[in-house]
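Read the structure below first, then the notes.
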Amino acid sequence: MEKSGFPKHLLEQPVKERTEYFTNYTMAHPHLVKAFQTLMRAIYKAPGTSLIFVVGATGVGKTTLLRRLVQKLNEAALPQLEIHKGKIPVFGVEAKSPEFSQFDWKDFYIRLLKAVNEPLIDKKITYEDEKVNERDSKAKWRRAVESALINRNPDAFYIDEAHHLALLSSGQKLKDQPEVLKSLANLANTKIILTGTYDLLPLIDLGDQLCRRTKTVHFQRYHPEYSIDEKSFKNLLKTFEQQLPLSNTPDLEKHWEFLYERSIGCVGMLKDWLSETLEYVLEQDEHARTITLKDLQLHARPVSQCLKIIKAVKVGEQKLQDSEQEIDELRRELRLIQNREETNLNKEFNNQNNQVEKTNKTIGKPKPIRYKVGQD
């Protein structure tokens with residue numbers, strides 16, 4: 001499919017404007033569309049779900065997914081905003097990496113209140129008989145967040161870099177993290193979306209109640225061993241090469257294996273790489289006509305880093321696949337396999353009995369028949 005490409009007037013613009021155009025450019029590629037559609041169904045068509053986990057490799061494009069989500073949820077809520085003036089359809093915060101293996105919930109609550117434009121955050125008061133030092137306690141901020149969410153009535157709010165919630169030393173504390181969020185989602189009647197790398201997976205399967213209330217959206221990278229993914233990745237390169245504001249379109253598809261190798265099939269990593277290369281080329285010569293393989297090699301991620309990333313990614317991908325052993329274990333727990341084995345044994349036993357009955361018949365004994373009597 002032929003693309004329109006970048007606006008040609010950009011060739012006459014300063015380097016900064018040209019690089020910003022490509023950096024801000026996004027497109028709806030197949031894996032992004034699939035993840036987005038699954039996420040939207042989880043928000044609007046999964047009434048029993050409280051927590052939605054969006055997991056994928058680093059640089060797969062989760063930030064682009066969130067931007068698209070914010071845009072669509074805001075558009076969908078426009079009719080409601082005429083009635084509910086204080087409603088905020090969607091908002092988000094980033095989970096800070098914990099210090100000394102202790103996640104700072106107070107800081108999280110304060111930043112969440114700022115995200116919903118809550119007024120007088122530092123003047124919050126409570127109306128119960130409490131100790132004076134409760135002013136700085138997490139409980140106060142938790143109640144303020146609950147109240148803000150109820151008043152703002154969001155359809156969803158997201159926590160980016162949510163894998164930081166799992167960076168704890170204690171197993172019990174780890175289980176507490178999603179429980180706190182599930183409770184918050186239930187009280188505020190909203191969906192909480194947690195996005196992160198595969199390091200987020202330990203938070204997902206922590207108890208039967210959490211399993212029932214959670215949904216996982218796997219934002220996958222491209223795998224060239226599948227022909228459809230190879231074709232999609234090449235189409236991505238064609239689109240990117242036509243959006244690079246250069247007088248001569250570079251032939252990225254020609255070097256698709258190298259580009260895949262150093263991006264491990266993650267569109268976000270690929271896009272950052274191309275953006276960095278474009279900026280460097282234009283800074284060296286604002287009249288540069290194209291990007292060459294040598295330019296790409298100069299700014300490629302080192303092989304050692306790519307190896308480290310792909311090894312971690314493959315472990316995470318494996319955890320999200322249903323193994324034959326797990327399927328058999330589930331069927332055994334449900335007694336599906338045992339019942340099937342018992343049925344087969346019963347059939348075999350009955351067949352053996354039938355064979356015994358056949359072989360025990362008296363040799364030479366005629367079958368019972370009716371003999372004719374009388375004469376014609």
Check: Is there a donor-acceptor pair under 3.5 Å between the side chain of Thr49 and the backbone N or O of Ala42?
Finding: no
Checklist line | Trace of the ring pair (Phe, Tyr, Trp, His ring centres under 6.0 Å) decision for Phe233 with His31 | finding: CA-CA 10 Å; Phe233 189 78; His31 284 348; over 10 Å; no
Checklist line | salt bridge (charged side-chain N to carboxylate O under 4.0 Å, His left out) partners for Glu241, two or more places apart | finding: none
Checklist line | Common cluster, Leu330/Leu336, ILVMFWY with side-chain heavy-atom separation under 4.5 Å | finding: yes
Next item on the list: Heavy atoms only: give me the nearest Pro30-Tyr222 pair and the separation to one decimal.
Entry: CD-OH, 3.3 Å
Margin query: Please report the interatomic distance CG(Leu236) to OG(Ser263), rounded to the nearest 0.5 Å.
Written below: 9.5 Å
Item checked: Contacts of Phe240 that satisfy ring-ring contact (aromatic ring centres under 6.0 Å, His included) - sequence neighbours left out -> Phe22
Next item on the list: Please report the closest heavy-atom contact between Cys306 and Ile264, naming both atoms and the distance.
Entry: O-CG2, 4.3 Å
Check: With a 4.5 Å limit on heavy-atom distance, are the side chains of Leu112 and Leu149 in contact?
Finding: yes
Item checked: side chain to side chain donor-acceptor pair (under 3.5 Å) contacts in which one or both residues fall within residues 250-262, not counting sequence neighbours -> Arg221-Tyr260
Check: In Å, rounded to the nearest 0.5 Å, how long is the span from CZ of Arg212 to OG1 of Thr214?
Finding: 10.5 Å
Item checked: Glu12: side chain to side chain contact (heavy atoms under 4.5 Å, CB included) partners, not counting sequence neighbours -> none
Margin query: Using a 6.0 Å cut-off, check whether atom CG of Asn186 has over 12 heavy atoms from anything other than its own residue.
Written below: yes
Note to self: Using the side chain to side chain contact (heavy atoms under 4.5 Å, CB included) criterion, which residues pair with Glu20? Sequence neighbours excluded.
What the structure shows: Lys16, Asn24
Next item on the list: Go through Ile43 and Leu69 one step at a time and tell me if the side-chain contact (heavy atoms from CB on, under 4.5 Å) criterion holds.
Entry: CA-CA 10 Å; Ile43 293 173; Leu69 175 72; 3.6 Å; yes
Check: Would one find more than 12 heavy atoms of other residues, nucleotides or ligands at under 6.0 Å from atom CD1 of Ile228?
Finding: no
Note to self: List the residues meeting side chain to side chain donor-acceptor pair (under 3.5 Å) with Thr190, not counting sequence neighbours, and say none if there are none.
What the structure shows: none
Check: Just checking, is any N or O donor in the side chain of Asp295 or Thr292 under 3.5 Å from an acceptor N or O on the other one?
Finding: yes
Notebook entry, point to check: Do Lys114 and Ile110 touch side chain to side chain, with heavy atoms closer than 4.5 Å?
Noted result: yes
Checklist line | pair Leu113-Trp141: side-chain heavy atoms closer than 4.5 Å | finding: yes
Item checked: Connected via hydrophobic side-chain network under 4.5 Å: Phe53 and Leu39 -> no
Check: If two hydrophobic side chains count as joined below 4.5 Å and joins carry through other members, does Val145 share a cluster with Ile193?
Finding: no
Notebook entry, point to check: Looking at CG of Leu201 and CG of Leu320, how far apart are the two atoms once the value is rounded to the nearest 0.5 Å?
Noted result: 5.0 Å
Margin query: Can a donor-acceptor pair be found, under 3.5 Å and without considering hydrogens, that links the side chain of Lys191 to the backbone of Ile52?
Written below: no
Notebook entry, point to check: Is it the case that one hydrophobic cluster holds both Leu293 and Leu246, taking links as side-chain heavy atoms less than 4.5 Å apart, direct or via other members?
Noted result: yes
Check: In the single-linkage hydrophobic clustering (I, L, V, M, F, W, Y; side-chain heavy atoms under 4.5 Å), do Leu73 and Ile88 co-cluster?
Finding: no
Checklist line | Atom CD of Glu75: over 12 foreign heavy atoms under 6.0 Å | finding: yes
Next item on the list: Output all residues satisfying salt bridge (charged side-chain N to carboxylate O under 4.0 Å, His left out) with Lys271, sequence neighbours left out; order by chain, then residue number.
Entry: none
Next item on the list: Would you please name every residue forming a ring-ring contact (aromatic ring centres under 6.0 Å, His included) with Tyr44, sequence neighbours left out?
Entry: none
Notebook entry, point to check: Any side-chain heavy atom of Phe6 within less than 4.5 Å of one from Leu244?
Noted result: no
Checklist line | Heavy-atom donor-acceptor pair, Lys96 side chain to Phe103 backbone, under 3.5 Å | finding: no
Item checked: Nearest-0.5 Å distance, CG of residue Asp199 to NE2 of residue His164 -> 8.5 Å
Next item on the list: Would you check if Leu274 and Leu252 make a side-chain contact, meaning some heavy-atom pair closer than 4.5 Å?
Entry: yes
Item checked: Arg152 side chain to Val116 backbone, donor-acceptor under 3.5 Å -> yes
Check: What pairs with Glu146 under side chain to side chain donor-acceptor pair (under 3.5 Å), at least two apart in sequence or on another chain?
Finding: Arg142
Notebook entry, point to check: Of all residues at least two apart in sequence or in a different chain, which pass the side chain to side chain contact (heavy atoms under 4.5 Å, CB included) check with Thr19?
Noted result: Val15, Leu278, Glu279, Leu282
Item checked: Counterpart residues, side chain to side chain contact (heavy atoms under 4.5 Å, CB included), relative to Ile327 (two or more places apart) -> Asp322, Arg331
Check: How close do Ile150 and Ala188 get, heavy atom to heavy atom, and via which atoms?
Finding: CG1-CA, 4.2 Å
Item checked: Leu51 side chain reached by Arg213 side chain, heavy atoms, under 4.5 Å -> no
Checklist line | Side chain to side chain, Leu298 and Lys294, heavy atoms closer than 4.5 Å | finding: no
Next item on the list: Look up atom CD in Glu286 and atom CD in Gln13, then write down how far apart they are to the nearest 0.5 Å.
Entry: 11.5 Å
Note to self: Checking the side chain of His299 only, and the main-chain atoms of Thr277 only, is there a donor and an acceptor separated by less than 3.5 Å?
What the structure shows: no
Checklist line | Any Tyr109 side-chain heavy atom under 4.5 Å of Lys140 side chain | finding: no
Checklist line | Contact summary for Gly5 and Tyr21, nearest pair of heavy atoms | finding: O-OH, 4.3 Å
Check: Which atom names give the shortest non-hydrogen contact between Gly56 and Lys62, and what distance separates them?
Finding: O-NZ, 3.4 Å
Show me, pair by pair, the donor-acceptor contacts under 3.5 angstrom made by side chains of residues 153-161, not counting sequence neighbours?
unit_1 : atom_1 : unit_2 : atom_2 : d
Asp155 : OD1    : Lys87  : NZ     : 3.4
Asp160 : OD1    : Thr195 : OG1    : 2.8
Glu161 : OE1    : His163 : NE2    : 3.2

Next item on the list: Locate the shortest heavy-atom distance separating Leu181 from Ile192; write the atom from each residue and the value.
Entry: O-CD1, 3.2 Å
Item checked: Main-chain N/O of Glu179 paired to Ser183 side chain as donor or acceptor, under 3.5 Å -> no
Check: What distance separates Gln37 CD from Leu32 CG, expressed to the nearest 0.5 Å?
Finding: 9.5 Å
